[in-house]
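Being a predicted model, the structure only gives us computed values, none of them experimental. The chains referred to below are lettered A, B, ... by the order of the sequence lines, with proteins before strands, and numbering in each begins at 1.
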Protein chains: 2
Amino acid sequence: MDERNISAAERTIGYLLRLPYERLSERVYGALAAQGFPDIRPAHSAVFRHIAGSGSRVSDLAERARMTKQSMAYLVEALASAGYVAATPDPADGRAKLVRLTRRGRAVSETLVRLSREAEEELAARLPPGRMAALRRLLGELAEVLERS
Amino acid sequence: MDERNISAAERTIGYLLRLPYERLSERVYGALAAQGFPDIRPAHSAVFRHIAGSGSRVSDLAERARMTKQSMAYLVEALASAGYVAATPDPADGRAKLVRLTRRGRAVSETLVRLSREAEEELAARLPPGRMAALRRLLGELAEVLERS
DNA sequence: GACACATAGTCAGACATTCTGTCCATATTG
DNA sequence: CAATATGGACAGAATGTCTGACTATGTGTC
């Protein structure tokens, strides 16, 4: 059996999910760097994706991103020292601090969403009409099932 | 805007791809560990996924996995010292060596494919009939488009 | 055949991203 | 108030990736 071209049957669903994910990441974070945010890396999306407009606690961010508090704190610290987020004490809890996006952080967040949408649209244009919408719909259903566990 | 529950419109396609990928990875590599291969981690899939039955060069593996020779050599070395692969000189090229799966390496490869299929089937059972097949088909089309670039 | 260039692999070092374990300060609850 | 839980910080480690520099071998041209 020649595995140079992995047969369709042997492509795991994980491989099929990972391939486009990585290509999109490369593209989006490359473009983000070109637009003046070279220090934002894919790992930081865990923060941008989950942070609330009113600010979030590190613990909350960690839980939503399914990582340890320490790992999330590392990401937040990097973003804070680069001016993308700022932390203020949580008035409701003396132990906690609220992490908020700065203006620059909001710019990153909006740019990420825009670049991702653009990448998706360009990819959609290379597929038969409706395919990308169907894919998005299916992935949404899958996410719903997964979030329920 | 409350971002605690990311609205469907704001879910990037990257996020939608990444979510199931990560859940599947956790599950598959957790099960693999439980079946006696605790030292195989997701990064090693770059080797298992691309290695040819007749053996592959490190450079070839690196290129197919889209990583540097050095990074691939690091993964191969870890697998070699744990007995999952073995390297022999390439008779056709004195600079090169051929990396081959050992019996134990083939067992891992087969187990990975099986576990992934099982995970996919169980997930499919939690979706309306046909959805997983449709998803796989769409991801296959997407991969075809992406490989062409 | 010699030289120039390309390729396979290695060594060294760096960095990013995660983890575990430990600890302190503050809340919460019986 | 005592006991426990929680938010966060500090220290250390493992993993996986990169760049740069290097050696040895192969390839192609004169």
Side-chain angles (χ1 to χ4, degrees), chain A residues 18 21-22 25-26 29-30 32-33 37-52 55-82 84-100, chain B residues 18 21-22 25-26 29-30 32-33 37-52 55-82 84-100:
Chain A
R18 182 182 188 158
Y21 171 69
E22 287 194 343
S25 274
E26 276 171 37
Y29 286 86
L32 189 68
F37 305 108
D39 47 0
I40 301 295
R41 283 179 302 278
H44 300 134
S45 69
V47 179
F48 290 108
R49 202 169 267 152
H50 297 291
I51 199 167
S56 296
R57 294 179 182 184
V58 171
S59 305
D60 281 359
L61 290 173
E63 190 185 348
R64 290 192 209 148
R66 305 186 124 230
M67 61 190 344
T68 60
K69 289 187 294 180
Q70 293 94 322
S71 297
M72 180 52 75
Y74 163 84
L75 296 174
V76 165
E77 158 54 28
L79 290 176
S81 69
Y84 295 104
V85 301
T88 53
D90 184 344
D93 187 332
R95 297 165 303 178
K97 62 185 189 182
L98 288 175
V99 180
R100 279 190 175 77
Chain B
R18 183 182 187 156
Y21 171 70
E22 287 193 344
S25 275
E26 276 171 36
Y29 285 86
L32 190 68
F37 305 108
D39 48 357
I40 302 296
R41 283 179 300 278
H44 299 134
S45 69
V47 179
F48 290 108
R49 202 169 267 151
H50 297 291
I51 198 167
S56 296
R57 295 179 182 186
V58 171
S59 305
D60 280 0
L61 290 173
E63 190 184 349
R64 290 189 209 153
R66 305 185 122 231
M67 63 190 342
T68 61
K69 289 187 295 178
Q70 294 95 320
S71 297
M72 180 52 74
Y74 163 83
L75 296 173
V76 165
E77 159 54 27
L79 290 175
S81 68
Y84 295 103
V85 302
T88 53
D90 184 344
D93 187 335
R95 297 165 302 176
K97 62 184 189 182
L98 288 175
V99 180
R100 279 190 174 78

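- Residue A:D93 is in sugar-phosphate contact alone, with no base atom involved, counting any heavy-atom pair closer than 4.0 Å across all strands shown.
- Under 4.0 angstrom from either OP1 or OP2 of D:dC18 there lies at least one side-chain N or O belonging to B:T68.
- In this structure, B:M67 atom CE and D:dT19 atom C1' are separated by 14 Å, rounded to whole Å.
- Here D:dA9 presents its P atom at 13 Å from CG of A:D90, a figure rounded to the nearest Å.
- Distance CZ (A:R41) to P (D:dT17): 15 Å, rounded to an integer number of Å.
- Nucleotide D:dT15 holds its P atom 16 Å from the OH atom of B:Y29, rounded to whole Å.
- Distances shorter than 4.0 Å separate some side-chain N or O of A:S71 from OP1 or OP2 on C:dC19.
- For a distance-only test at 3.5 Å, the side chain of A:Q70 fails to qualify as a donor-acceptor partner of the base of D:dG7.
- Using a 4.0 Å cut-off between a side-chain N of Lys or Arg and a carboxylate O of Asp or Glu, A:R57 and A:D93 qualify as a salt bridge.
- Between A:S59 and D:dT6, a side-chain N or O to OP1/OP2 separation shorter than 4.0 Å is absent.
- In terms of position along DNA chain C, the nucleotide closest to A:M72 lies nearer the 5' end than the nucleotide closest to the other residue of the pair A:M72 and A:A92.
- Atom pair A:I40:CD1 and C:dT17:P shows a separation of 10 Å (rounding to whole Å applied).
- Side-chain atoms of B:H50 never come within 3.5 Å of backbone atoms of B:V47 as a donor-acceptor pair (strictly under, hydrogens ignored).
- Between the CG atom of A:L98 and the C1' atom of D:dT6 there is a distance of 15 Å, given to the nearest Å.
- Other residues, nucleotides and ligands contribute at most 12 non-hydrogen atoms within 6.0 Å of the CD atom of B:E63.
- Checking each of A:M72, A:M67, A:K69, A:R49 against A:L61 for a side chain to side chain contact (heavy atoms under 4.5 Å, CB included) leaves exactly one that passes, namely A:M72.
- Remark: side-chain polar atoms of A:S45 are not paired, donor with acceptor, to backbone N or O of A:F48 under 3.5 angstrom.
- Of the candidates C:dA6, C:dA16, C:dT10, the closest approach to any side-chain atom of A:Y74 belongs to C:dA16.
- For B:K97, counting side-chain heavy atoms from C-beta on, the closest listed nucleotide (C:dG9, C:dC11, C:dT18) is C:dG9.
- Each of A:L75 and A:G94 lies near DNA chain C, and the nucleotide nearest A:L75 is the one positioned closer to the 5' end.
- One can place CZ of B:R95 at 10 Å from P of D:dT25, the figure rounded to the nearest angstrom.
- Residue B:K69 contributes atom NZ, which lies 12 Å from atom C1' of C:dC11 at whole-angstrom precision.
- Close to D:dG8, at under 4.0 Å from its OP1 or OP2, lies no side-chain N or O of A:R57.
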